[in-house]
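Small disclaimer: the values here were computed from a predicted structure and weren't measured.
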Amino acid sequence: MPRPRKCRRIAGCPKACCFKPQGVPLADLAEVYMPMDGFEALRLADYQGLSMEEGATRMHVSRHTFGRILGDARRVVARALVEGLALHIANDAQVPCANFNRDRFAVRSKDIVMTKIAITSEGPKLTDRVDPRFGRAGGFVVVDLETMATTYVDNGGSQAMSHGAGIQAAENIVQAGAGVLLTGYVGPKAFAALKAAGVKVGQNLDDMTVAEALERYRSGQVEFADAPNK
């Protein structure tokens with residue numbers, strides 16, 4: 001079984017929870033969110049100038065964990081600056097992650113129609129069959145709807161896991177930049193992780209090719225799920 005997640009001490013709260021590019025309505029922006037422990041690590045290390053050891057002691061975590069939280073938080077800020085995204089600092093009440101790894105950042109979009117979609121697949125081609133399994137799918141074909149370019153994300157690491165395959169697969173989807181997932185079946189923990197990351201989920205799309213699932217989505221025939229179906 002995985003080790004239980006230790007509580008992390010957070011002594012500072014942000015005076016503002018959302019930052020965005022000037023002149024662009026928030027409704028028109030995609031967002032990145034930073035968990036509160038990421039904000040706390042930035043506050044201790046980059047604002048107060050504490051060392052890794054001192055910051056880890058303040059947060060009641062190991063030095064390795066503190067460094068990982070800090071590194072992820074810095075990447076969130078960098079991505080917001082480089083890509084012109086809104087940065088949202090979220091506490092657990094605002095982002096109910098439900099076993100989703102809060103130390104990984106997720107991209108959320110205000111719009112239902114996303115730029116990139118991921119489709120569970122048995123292979124890297126559009127002609128391959130949709131893999132009905134999400135967590136233990138062979139991989140994901142990621143399609144950029146603006147250019148129709150495709151990339152393949154191998155999911156072999158999740159297949160080999162005895163526990164947490166769905167949550168790891170959800171992280172793979174998020175890191176690929178996909179805002180929509182098309183698949184067959186999604187379990188409750190994976191669904192909660194995807195929902196927390198703002199990924200829309202289309203289910204029951206098995207027994208067809210990746211290209212057919214893609215066409216269903218483009219023609220508006222995919223309904224987004226509000227609950228897991230496995």
Could you tell me whether the side chain of [Y] reaches within less than 4.5 Å of the side chain of [X], counting heavy atoms only?
{"X": "Met34", "Y": "His88", "value": "no"}
{"X": "Leu145", "Y": "Val180", "value": "no"}
{"X": "Phe19", "Y": "Ile89", "value": "yes"}
{"X": "Gln203", "Y": "Val186", "value": "yes"}
{"X": "Ile117", "Y": "Tyr217", "value": "yes"}
{"X": "Val199", "Y": "Lys195", "value": "no"}
{"X": "His60", "Y": "Thr57", "value": "no"}
{"X": "Asp207", "Y": "Arg129", "value": "yes"}

Step by step, work out the salt bridge (charged side-chain N to carboxylate O under 4.0 Å, His left out) result for Arg74 and Asp46.
CA-CA 10 Å; Arg74 286 171 173 169; Asp46 295 341; 2.6 Å; yes
State the [atom1]-[atom2] distance between [X] and [Y], to the nearest 0.5 angstrom.
{"X": "Met208", "Y": "Ile119", "atom1": "CE", "atom2": "CD1", "answer": "10.0 Å"}
{"X": "Arg58", "Y": "Gln48", "atom1": "CZ", "atom2": "CD", "answer": "5.5 Å"}
{"X": "Glu122", "Y": "Thr209", "atom1": "CD", "atom2": "OG1", "answer": "11.0 Å"}
{"X": "Asn172", "Y": "Ile167", "atom1": "CG", "atom2": "CD1", "answer": "12.0 Å"}
{"X": "Asn229", "Y": "Asn204", "atom1": "CG", "atom2": "CG", "answer": "5.0 Å"}
{"X": "Leu205", "Y": "Leu182", "atom1": "CG", "atom2": "CG", "answer": "5.5 Å"}

Which residues satisfy the salt bridge (Lys or Arg N to Asp or Glu O under 4.0 Å) test with Arg218, sequence neighbours excluded?
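None.
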Looking at Lys125 and Asp128, is any side-chain nitrogen of the basic one under 4.0 Å from a carboxylate oxygen of the acidic one?
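Result for this pair is no, no salt bridge flagged.
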Quick one: closest heavy-atom pair of [X] and [Y], and the distance?
{"X": "Ala73", "Y": "Gly38", "value": "CB-O, 3.5 Å"}
{"X": "Ala170", "Y": "Leu194", "value": "CB-CD2, 3.8 Å"}
{"X": "Ala41", "Y": "Ile69", "value": "CB-CG2, 3.9 Å"}
{"X": "Ala197", "Y": "Val174", "value": "CB-CG2, 3.5 Å"}
{"X": "Gly123", "Y": "Tyr152", "value": "O-CE1, 3.3 Å"}
{"X": "Leu87", "Y": "Ala80", "value": "CB-CB, 4.2 Å"}

Ser62 side-chain N/O to Thr65 backbone N/O, donor-acceptor pair under 3.5 Å
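Yes; at least one donor-acceptor contact below 3.5 Å.
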Any donor and acceptor pair, going by atom type alone, linking the side chain of Asp144 with main-chain N or O of Ala149 inside 3.5 Å?
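Such a contact is absent between Asp144 side chain and Ala149 backbone.
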Test of understanding: with side chain to side chain donor-acceptor pair (under 3.5 Å), list the residues that count as partners of [X], not counting sequence neighbours.
{"X": "Glu83", "answer": "Arg79"}
{"X": "Asp154", "answer": "none"}
{"X": "Arg216", "answer": "none"}

Please check if Val130 and Met148 belong to a single hydrophobic cluster, counting links between Ile, Leu, Val, Met, Phe, Trp and Tyr side chain heavy atoms closer than 4.5 Å.
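Yes, Val130 connects to Met148 through the hydrophobic network.
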Does anything in residues 176-195 form a ring pair (Phe, Tyr, Trp, His ring centres under 6.0 Å)? List the pairs, not counting sequence neighbours.
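Passing the test, one end in residues 176-195: no pairs.
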Ring centroid separation Phe140 to Phe134 under 6.0 Å:
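Yes: the rings meet the under 6.0 Å criterion.
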Does Asp206 form a salt bridge (charged side-chain N to carboxylate O under 4.0 Å, His left out) with Arg133? I'd like the steps, not just the answer.
CA-CA 9 Å; Asp206 51 322; Arg133 308 163 298 173; over 6 Å; no
Does the pair Leu44 and Leu42 meet the rule for a side-chain contact (heavy atoms from CB on, under 4.5 Å), with working shown?
CA-CA 6 Å; Leu44 294 173; Leu42 283 176; over 6 Å; no
Indicate every side-chain donor-acceptor pair of residues 49-56 with a distance under 3.5 Å to a residue at least two apart or in another chain.
{"from": "Ser51", "atom 1": "OG", "to": "Glu54", "atom 2": "N", "distance (Å)": "3.2"}
{"from": "Ser51", "atom 1": "OG", "to": "Glu54", "atom 2": "OE1", "distance (Å)": "3.3"}
{"from": "Glu53", "atom 1": "OE2", "to": "Arg63", "atom 2": "NE", "distance (Å)": "3.0"}
{"from": "Glu54", "atom 1": "OE1", "to": "Ser51", "atom 2": "N", "distance (Å)": "2.9"}

Can Thr183 and Asp131 be said to form a side-chain contact (heavy atoms from CB on, under 4.5 Å), step by step?
CA-CA 7 Å; Thr183 188; Asp131 196 324; over 6 Å; no
